[in-house]
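This report refers to the structure that appears directly beneath it.
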Amino acid sequence: MRILLSRQRPGFESRWGRQWFPVDVLLVNPWIYDFAAYDFWLRPYGLLRLGGLLRKEGYRVEFLDLLDPFHPELPRKPKRRAYGTGHFWREEVPKPIFFEDVPRRLARYGLPRKLAEKEVAGLKPPKVILITCLLTYWYPGTLEAFRLLRSRFPDTPVLLGGVYARLCPEHAREIFPGAEIITEHAEERILKRISELCDPTGEPNSHSFPIFDLQRQIPYVVLLTGRGCPFRCPYCASTRLFPDFERRSPEEVVSEILYWHEHYGVVDFAFYDDALLLDFENHLAVILEGVLSAGIRVRFHTPNALHARFINREVAGFLKQSGFVTLRLGLETVGQRLDRKVNEEEFGQAVAYLREAGFTARELGAYLLFGLPGQTLAEVKKAAEFVAQAGARPVLAEFSPIPGTPLFEETERISRYPLSEDPIFHNNSVFPAFKSPDWEAIEELKRYVRELSA
């Protein structure tokens with residue numbers, strides 16, 4: 001099974017593997033500080049997408065990936081698993097005193113500090129730096145990367161974007177002095193701002209696909225066929241981040257899949273959509289028909305939850321026929337519903353259709369929110385047993401309160417942490433909605449669910 005593909009970079013020999021041309025824009029994927037982080041098709045899609053759009057305009061771009069698990073100078077190669085997923089390099093770091101009660105080890109994920117400094121020292125000075133932060137509570141890793149880049153390029157404009165910058169802009173402005181905080185997703189406005197800071201010095205690229213080819217290896221490619229979600233779940237920030245539900249043309253998505261497969265041999269593709277199955281016949285079905293017509297063999301994965309309500313016998317069969325091998329369904333809870341996306345009967349029927357189509361229980365996972373305000377461990381156990389009995393794997397998704405959502409306000413009233421003062425308290429591993437977590441019982445429940453999933 002081919003999982004990884006090395007990127008060939010002819011024309012320049014150095015330990016960093018970069019061609020030595022002037023850099024207009026440097027794009028940075030920062031470290032992660034957390035109790036757990038795993039490469040479950042985890043890529044900074046928005047940042048990589050901007051890189052592709054910049055290249056289309058003739059900008060020379062470079063990508064600094066401080067999470068890079070394929071760096072040849074890592075002390076050990078992190079373990080990689082099926083379909084391009086795997087571990088990052090990690091180094092344990094001291095826990096803040098306010099997390100002393102959490103019985104888990106905090107770590108920095110990504111390149112060792114000395115190796116990162118070496119990478120940055122080898123960079124040609126860029127005219128603009130773009131840096132992202134994917135989760136609100138991951139800002140400490142972004143802040144460390146920002147300071148490292150500031151020490152090397154003190155006068156270069158820095159634009160900070162991502163989920164953290166958009167959901168916590170005031171906090172970002174306070175702790176990232178001198179950085180310009182990007183608070184909206186409109187790519188054309190970001191590109192316009194970059195054009196005000198510097199002119200392109202290269203030749204326009206023929207396409208605007210994300211810059212996955214600037215990675216050392218391409219274990220998989222992330223696809224986003226649409227932004228936003230028509231549902232309004234009280235725990236989700238999708239509609240705040242993307243108020244309008246927008247979709248790309250199916251033909252453009254097919255072209256992107258074919259490009260990465262034909263030019264780089266990519267086999268694994270992960271959809272990041274929040275509503276992938278909506279209007280199936282006119283959107284995803286058209287994409288999959290295009291891929292099947294091309295006669296290529298690829299695999300598809302859905303790390304973001306699919307809406308089980310939209311899965312009938314025909315949809316299930318088409319997903320199997322077209323190469324889906326990892327499906328995650330959204331159930332969230334059993335009994336007391338937080339949303340109107342699916343009920344237990346609809347979920348059970350969807351799983352039955354998928355099993356009938358040939359999917360195994362191992363390939364089907366259902367996300368269950370764990371750590372909600374007022375939730376008991378018994379409720380989570382019951383939901384996990386329901387999923388297993390239906391023929392899928394229960395997957396616990398620890399709840400993180402997201403600013404601007406109804407559940408954030410509810411969690412803030414009962415949390416043992418001041419959630420509005422510092423995004424670091426949004427971390428799902430610390431169970432911020434539990435006033436007094438019973439850590440032994442929590443770990444026992446996790447073990448039980450793992451056994452159900454085995």
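Remember, predicted model here, so these are calculated numbers, not experimental data.
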All salt bridge (Lys or Arg N to Asp or Glu O under 4.0 Å) counterparts of [X], not counting sequence neighbours:
{"X": "Lys79", "value": "none"}
{"X": "Glu409", "value": "none"}
{"X": "Glu92", "value": "Arg105"}
{"X": "Asp39", "value": "Arg80"}

Indicate every side-chain donor-acceptor pair of residues 167-175 with a distance under 3.5 Å to a residue at least two apart or in another chain.
from: Glu170; atom 1: OE2; to: Arg173; atom 2: NH1; distance (Å): 2.8
from: His171; atom 1: ND1; to: Tyr164; atom 2: OH; distance (Å): 2.7

Checklist outcome for this item: In short, salt bridge (charged side-chain N to carboxylate O under 4.0 Å, His left out) pairs touching residues 413-423 with sequence neighbours left out are Asp101-Arg416
Checklist outcome for this item: salt bridge (charged side-chain N to carboxylate O under 4.0 Å, His left out) pairs touching residues 189-199, sequence neighbours excluded, are Glu180-Arg193, Glu184-Arg189, Lys192-Glu196, Arg193-Glu196
Taking the basic N atoms (NZ, or NE/NH1/NH2) and the acidic carboxylate oxygens, is any pair closer than 4.0 Å for [X] and [Y]?
{"X": "Lys127", "Y": "Asp24", "answer": "yes"}
{"X": "Arg113", "Y": "Glu117", "answer": "yes"}
{"X": "Lys118", "Y": "Glu73", "answer": "yes"}
{"X": "Glu144", "Y": "Arg147", "answer": "no"}

Item to check | Side chain proximity check, Leu130 to Ile182, heavy atoms < 4.5 angstrom | outcome: no
Taking ring-ring contact (aromatic ring centres under 6.0 Å, His included) as the definition, give me every residue that meets it alongside [X], ordered by chain and number, with sequence neighbours left out.
{"X": "His207", "value": "Phe209, Tyr259"}
{"X": "Phe271", "value": "Phe300, Phe324"}
{"X": "Phe146", "value": "Phe176"}

Checklist entry - Is the His426 ring parallel, tilted or perpendicular to the Phe408 ring (thresholds 30°, 60°)? => result perpendicular
Checklist outcome for this item: Glu188 meets the side chain to side chain contact (heavy atoms under 4.5 Å, CB included) criterion, sequence neighbours left out, with Ala186
Next on the checklist: List the residues meeting side chain to side chain contact (heavy atoms under 4.5 Å, CB included) with Asp279, not counting sequence neighbours, and say none if there are none.
Outcome noted: Arg247, Asn282
Checklist entry - Would you say the side chains of Asn427 and Asp34 form a donor-acceptor pair under 3.5 Å? => result yes
Next on the checklist: My understanding is that only one of Val25, Leu47, Val28 makes a side-chain contact (heavy atoms from CB on, under 4.5 Å) with Phe63; could you say which?
Outcome noted: Leu47
Item to check | Stepwise ring-ring contact (aromatic ring centres under 6.0 Å, His included) check, Tyr220 with Phe212 | outcome: CA-CA 9 Å; Tyr220 55 82; Phe212 290 105; 7.5 Å; no
Checklist outcome for this item: Only one of Arg43, His71, Arg216 passes side chain to side chain donor-acceptor pair (under 3.5 Å) with Asp65, and that residue is Arg43
